Amino acid sequence: MAETKSTSKYIVRQPIKDLHGKILGYEIRYAGDGGAYDADGGQDFAAADVIYNFLTQNSDKSLKGGLNFMTFTTNLLMKQAPKLFSPGDLVIQVDDSVIIHPLAMRFVERYSRDGYKVAVNEFQFSPRYVSILDKFDYIKISLSNNTVASVRNIVDMAHTMGKKCIATGVDTEELYQQAFMTGVDAMEGRYVAEQMFTAVHSSSYLQSNFFRLLVAITKDEPDVDEIEQIISMDAMLTYSLLKIVNSAYFALRNRATEVHQAVVVLGLGQLRQWIYLMGNTSTDDGVDANQEEMLKLSFTRATFASELLKFAKNMPISRNDAYLMGMFSTLNHLIAAPMQDILSEIPIAQPVKDALLNHEGRCGVLYDLILNYERADWGSIGGLAEELGIPLNQLTDTYFQCLDEVNNIWRQLMETSSAMPSNP
């Protein structure tokens with residue numbers, strides 16, 4: 001009925017990476033009223049109103065700090081929505097509805113003169129598209145709608161004009177392999193996001209000081225002396241702990257200079273949450289781009305799960321357990337061992353293990369909600385949120401608050417890292 005029509009909005013960002021695995025930027029995807037916004041069915045006006053209002057409130061938060069590829073409808077262009085971002089943060093994407101509009105492309109050209117990069121979605125090998133190829137900096141091509149040969153022809157033509165090409169809809173391993181054959185510069189899609197990370201440590205990592213610390217800190221009654229001893233025996237764990245506790249996030253008046261002092265400042269609850277970052281940054285080689293994205297994803301999932309637990313009904317776990325569920329969901333990318341073997345050694349709540357291993361129980365529903373939100377699986381989000389009793393209008397705001405917090409934490413940690421000596 002009209003009076004109960006949903007006005008929920010969903011916005012998520014997904015990685016675009018080059019053929020070497022480096023993050024080129026993020027695709028900002030948005031949807032509402034049960035489906036993705038587009039120019040058909042009268043949704044262009046809905047997109048302009050809902051998305052513009054949201055971006056007005058959030059463009060200074062989580063969409064900063066990276067190159068964001070975002071599709072703008074004609075109405076969003078006319079509302080000057082791109083101006084909410086600086087040219088260095090945004091790539092304006094347009095589709096066929098803008099290209100055929102008598103005035104919309106004039107707005108696009110104006111933004112281009114102002115320094116914004118422009119991308120075209122679903123590029124077609126037709127006179128209408130080829131004639132305006134010079135207007136675009138990025139060409140986005142769907143592999144599922146084109147043959148490898150036709151995509152290669154488009155890529156070759158675009159490259160001669162200095163344009164970069166991005167393969168879209170790379171949702172399977174087959175399409176992932178095809179993308180390499182076409183010579184595109186980058187790709188995006190579900191498979192790309194899920195293949196972003198590779199295991200960076202062997203199964204012997206299960207015997208490392210980090211893993212010993214992970215087990216010790218997640219016990220029902222952690223032994224503080226044992227925890228301090230494990231950290232003190234490892235120079236890089238000590239360094240990472242001091243880096244975290246002395247970051248601007250904790251705003252200490254006096255710098256912590258020893259393990260005991262740092263553990264007291266954090267407390268066991270905070271240490272349980274920060275331990276994963278310690279283990280991932282306690283190397284001499286620093287953090288590469290892919291590892292950084294994995295850490296941010298871990299923190300985002302953890303924070304998102306913890307915050308959503310404020311709204312979820314009849315949950316068998318605490319917010320701390322929810323945080324660990326999100327954080328540990330990427331452990332198989334850190335350790336080259338089956339998740340079941342990893343979790344069998346960690347004394348976390350059984351509902352969390354059931355969720356991570358088998359997607360079971362109410363924790364499994366929460367875990368699936370987080371994963372489906374990341375994947376922009378708009379058709380599943382509403383039902384999962386309703387099953388948990390989470391108001392739909394809380395999802396996107398909570399998600400972007402979590403992204404903002406993670407970005408702030410990461411920036412402060414990196415600033416602190418560069419200011420600290422190499423040996424603790």
Side-chain angles (χ1 to χ4, degrees), residues 4-16 25-38 43-73 75-76 79 81-82 84-85 89-90 93 188 190 193 296-313 319 322-323 325-326 329 365-409:
T4 59
K5 183 180 180 181
S6 169
T7 57
S8 301
K9 57 186 180 296
Y10 307 127
I11 304 179
V12 68
R13 70 177 197 173
Q14 298 178 324
I16 302 172
Y26 298 91
E27 175 84 10
I28 307 300
R29 301 186 61 184
Y30 49 89
D33 294 332
Y37 284 126
D38 53 38
Q43 291 214 65
D44 189 29
F45 289 98
D49 289 338
V50 176
I51 301 303
Y52 182 82
N53 290 337
F54 179 83
L55 293 179
T56 301
Q57 302 172 28
N58 293 277
S59 63
D60 62 337
K61 295 183 179 180
S62 302
L63 299 187
K64 296 291 185 180
L67 190 60
N68 299 284
F69 289 70
M70 185 170 182
T71 298
F72 288 84
T73 63
N75 282 314
L76 282 170
K79 280 177 170 285
L84 295 170
F85 305 87
D89 293 329
L90 180 69
Q93 291 183 165
E188 62 177 287
R190 179 174 298 181
K296 287 182 177 179
L297 177 64
S298 302
F299 266 68
T300 300
R301 285 183 180 178
T303 309
F304 199 24
S306 177
E307 290 300 311
L308 288 180
L309 212 71
K310 292 179 180 178
F311 309 104
K313 309 298 182 184
R319 289 188 62 197
Y323 189 98
M325 181 178 73
S329 68
V365 177
L366 177 62
Y367 184 40
D368 286 341
L369 174 60
I370 292 169
L371 295 182
N372 279 286
Y373 195 93
E374 286 178 6
R375 297 166 181 162
D377 188 350
W378 311 128
S380 303
I381 291 171
L384 293 169
E386 182 178 1
E387 185 173 350
L388 293 171
I390 299 175
L392 293 178
N393 60 5
Q394 294 292 338
L395 289 177
T396 291
D397 289 341
T398 302
Y399 174 77
F400 272 87
Q401 288 170 8
C402 293
L403 280 183
D404 193 36
E405 179 178 346
V406 170
N407 287 339
N408 286 335
I409 289 172

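Here the structure is a predicted model, which means the values were calculated and not measured.
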Verify side-chain contact (heavy atoms from CB on, under 4.5 Å) between M325 and L366, making sure each step is shown before the conclusion.
CA-CA 10 Å; M325 181 178 73; L366 177 62; 3.8 Å; yes
Go through Y26 and I16 one step at a time and tell me if the side-chain contact (heavy atoms from CB on, under 4.5 Å) criterion holds.
CA-CA 5 Å; Y26 298 91; I16 302 172; 6.0 Å; no
Should R29 and Q14 be marked as a side-chain contact (heavy atoms from CB on, under 4.5 Å) after you check the CA-CA gap, both sets of side-chain angles, and the distance that decides it?
CA-CA 8 Å; R29 301 186 61 184; Q14 298 178 324; 3.1 Å; yes
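Evaluated for a ring-ring contact (aromatic ring centres under 6.0 Å, His included) with F304, the options Y323, Y367, F311, Y373 yield exactly one hit, Y373.
Judged purely by distance below 3.5 Å, without hydrogens or angles, the side chains of Q394 and E307 never pair a donor atom with an acceptor atom.
A heavy-atom distance below 4.5 Å is not found between the side chains of Q93 and M70. D377 is listed as a side-chain neighbour of R190, based on a closest heavy-atom distance under 4.5 Å. Looking only at side-chain heavy atoms (C-beta outward), L369 and L395 come within less than 4.5 Å of each other. No side-chain heavy atom of L308 sits under 4.5 Å from any side-chain heavy atom of Y399.
In this view, F69 and Y138 satisfy the ring pair (Phe, Tyr, Trp, His ring centres under 6.0 Å) rule, not counting sequence neighbours. Listed by chain and number, the residues in a salt bridge (Lys or Arg N to Asp or Glu O under 4.0 Å) with E374 are R301 (sequence neighbours excluded).
The two residues R319 and S306 make their nearest non-hydrogen contact at NE-O, 3.0 Å. Across all non-hydrogen atoms, the minimal contact from A322 to L309 is CB-CD2, 4.0 Å. Annotation for E188 and P15: closest pair CB-O, 3.8 Å, computed over non-hydrogen atoms. The minimum heavy-atom distance between V406 and T303, with the atom names listed, is CG2-OG1, 4.1 Å.
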For residues 382-392, dump all side-chain donor-acceptor pairs below 3.5 Å to protein atoms at least two apart in sequence or in another chain.
none

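Between the CD1 atom in I370 and the CD1 atom in I381 there is a gap of 11.5 Å [rounded to 0.5 Å]. Interatomic distance, E27 CD to N68 CG, rounded to the nearest 0.5 Å: 10.0 Å.
With N372 contributing its side chain and D368 its backbone, the two residues share a donor-acceptor pair below 3.5 Å. Between the side chain of N407 and the main chain of L403, a donor-acceptor pair closer than 3.5 Å is present.
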